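A short worksheet on the structure shown next.
From a predicted model like this one, the values you see are computed outputs, not experimental measurements.
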Amino acid sequence: MTNSPPRILAIHAHPDDIELQCAGTLALLKDRGCEIVYCTMTAGDLGSMELSQKEIAAVRRGEAEKAAALLGAEYVCGEFGDLAIFNDDPSRRRVTEIIRKARPDIVITAPHRDYHCDHEATGTLVRDACFGSTIPNYKTHQWDPAPYLDHLPHLYYVDPVEGTDYYGNPQTPAFVIDISSKIDLKLEMLACHASQRDWLRKIHGMDEYIDSCRRWSATRGQEHGFEYGEGFSQHKGHPFPHDNLLKQILDK
């Protein structure tokens with residue numbers, strides 16, 4: 001890693017997951033000069049009661065690009081399908097290529113315990129692809145492959161949705177970032193995903209998209225003395241870095 005600001009890759013399952021779980025932290029990192037690549041594994045191709053998969057995917061890619069633009073981030077889509085993210089070798093090689101192209105010093109991804117199978121599979125794939133990204137002989141079979149990384153990035157997991165696992169059991173983050181100064185931008189980014197709000201209203205009877213995000217951010221923040229917060233846990237398994245680079249940057 002050089003003396004320039006660290007590069008950040010935020011990679012989660014669906015359009016809107018990044019906004020819900022870590023957009024405030026990304027905005028703080030952007031203020032500190034970090035370059036951010038913003039990746040959704042899928043384009044949200046199952047997220048409509050009326051549109052075809054191809055049509056809703058185009059809509060939701062556009063919404064994700066709009067949200068990323070508010071942050072000044074580069075948007076990438078992994079082009080997996082909804083409910084079709086699996087921890088297998090072709091998928092791992094695809095994610096490895098995304099990581100190698102992004103050249104991150106910090107990777108922020110989905111937790112291994114969450115309410116949605118795509119979230120859990122994403123966290124596992126990203127962990128393993130980070131490791132694979134440093135191995136020269138682990139080929140990604142792309143027509144113009146990026147070179148391997150010369151260091152393992154620092155790896156972090158966001159909170160699961162509403163702080164619980166698949167069974168509703170509370171999950172405690174290792175630390176919480178104060179995002180009070182960025183809550184308005186976080187919610188503005190989330191509001192870009194109008195089609196997801198429509199989907200949640202129709203299939204789940206849920207019409208509190210923005211307000212529920214605000215409430216959860218307030219809950220996490222107030223547990224730690226902040227108005228609004230986002231929770232994280234760091235992956236410290238061998239041989240990943242153990243120093244908390246994310247918090248070091250934000251504490252400056």
Less than 4.5 Å apart, any side-chain heavy atom of [X] and any of [Y]?
{"X": "Lys66", "Y": "Met189", "answer": "no"}
{"X": "Ile11", "Y": "Ile108", "answer": "no"}
{"X": "Thr25", "Y": "Leu246", "answer": "yes"}
{"X": "Leu187", "Y": "Cys213", "answer": "yes"}
{"X": "Glu230", "Y": "Val158", "answer": "no"}

Next on the checklist: Run the salt bridge (charged side-chain N to carboxylate O under 4.0 Å, His left out) test on Glu79 and Arg61 for me, step by step, so that the C-alpha distance in whole Å, both residues' side-chain angles and the decisive distance to 0.1 Å come before the verdict.
Outcome noted: CA-CA 10 Å; Glu79 301 299 342; Arg61 275 192 215 94; 2.9 Å; yes
Are [X] and [Y] in one and the same hydrophobic cluster, where Ile, Leu, Val, Met, Phe, Trp and Tyr link if side-chain heavy atoms are under 4.5 Å apart?
{"X": "Leu20", "Y": "Met41", "value": "no"}
{"X": "Ile98", "Y": "Tyr75", "value": "no"}
{"X": "Leu46", "Y": "Ile85", "value": "no"}
{"X": "Ile36", "Y": "Leu9", "value": "no"}
{"X": "Leu26", "Y": "Leu245", "value": "yes"}

Between [X] (side chain only) and [Y] (backbone N and O only), is there a donor and an acceptor less than 3.5 Å apart?
{"X": "Gln234", "Y": "Asp243", "answer": "yes"}
{"X": "Gln171", "Y": "Gly163", "answer": "no"}
{"X": "Ser91", "Y": "Phe86", "answer": "yes"}

Looking only at non-hydrogen atoms, find the nearest pair between [X] and [Y] and report the distance.
{"X": "Gly33", "Y": "Pro5", "answer": "O-CB, 3.3 Å"}
{"X": "Asn244", "Y": "Lys247", "answer": "OD1-N, 3.2 Å"}
{"X": "Pro153", "Y": "Pro241", "answer": "O-CD, 3.6 Å"}
{"X": "Ala10", "Y": "Ile18", "answer": "O-CD1, 3.5 Å"}
{"X": "Phe226", "Y": "Val176", "answer": "CE1-O, 3.5 Å"}
{"X": "Ala174", "Y": "Ser233", "answer": "N-OG, 3.3 Å"}

Checklist entry - Salt bridge check: are Asp89 and Arg92 linked by an N-O gap of less than 4.0 Å? => result yes
Checklist entry - Using a distance-only test with no angle check, is there a side-chain donor-acceptor pair under 3.5 angstrom linking His224 and Asp178? => result no
Checklist entry - When the ring planes of His119 and Tyr115 are compared, do they come out parallel, tilted or perpendicular, using 30° and 60° as the limits? => result perpendicular
Quick one: [atom1] on [X] to [atom2] on [Y], what's the gap to the nearest 0.5 Å?
{"X": "Arg103", "Y": "Arg7", "atom1": "CZ", "atom2": "CZ", "result": "9.0 Å"}
{"X": "Cys34", "Y": "Asp105", "atom1": "SG", "atom2": "CG", "result": "8.5 Å"}
{"X": "Asp82", "Y": "Asp118", "atom1": "CG", "atom2": "CG", "result": "6.0 Å"}
{"X": "Arg127", "Y": "Thr122", "atom1": "CZ", "atom2": "OG1", "result": "12.5 Å"}
{"X": "Tyr157", "Y": "His12", "atom1": "OH", "atom2": "NE2", "result": "12.0 Å"}
{"X": "Asp144", "Y": "Glu97", "atom1": "CG", "atom2": "CD", "result": "8.0 Å"}

Checklist entry - Distance under 6.0 Å and angle within 45° of the ring axis: does Arg100 meet both against Tyr148? => result no
Checklist entry - Are Asp45 and Arg60 close enough, and set up right, to give a salt bridge (charged side-chain N to carboxylate O under 4.0 Å, His left out), and what steps lead you there? => result CA-CA 8 Å; Asp45 63 297; Arg60 297 200 67 193; over 6 Å; no
Item to check | Result of checking Lys186, Arg220, Arg214, Gln222 against Tyr228 for side-chain hydrogen bond (donor to acceptor under 3.5 Å, both in side chains) | outcome: Arg214
Next on the checklist: Within the supplied structure, the quantity of interest is the number of heavy atoms (other residues, nucleotides, ligands) at a distance under 6.0 Å from Tyr138 OH; does it exceed 12?
Outcome noted: yes
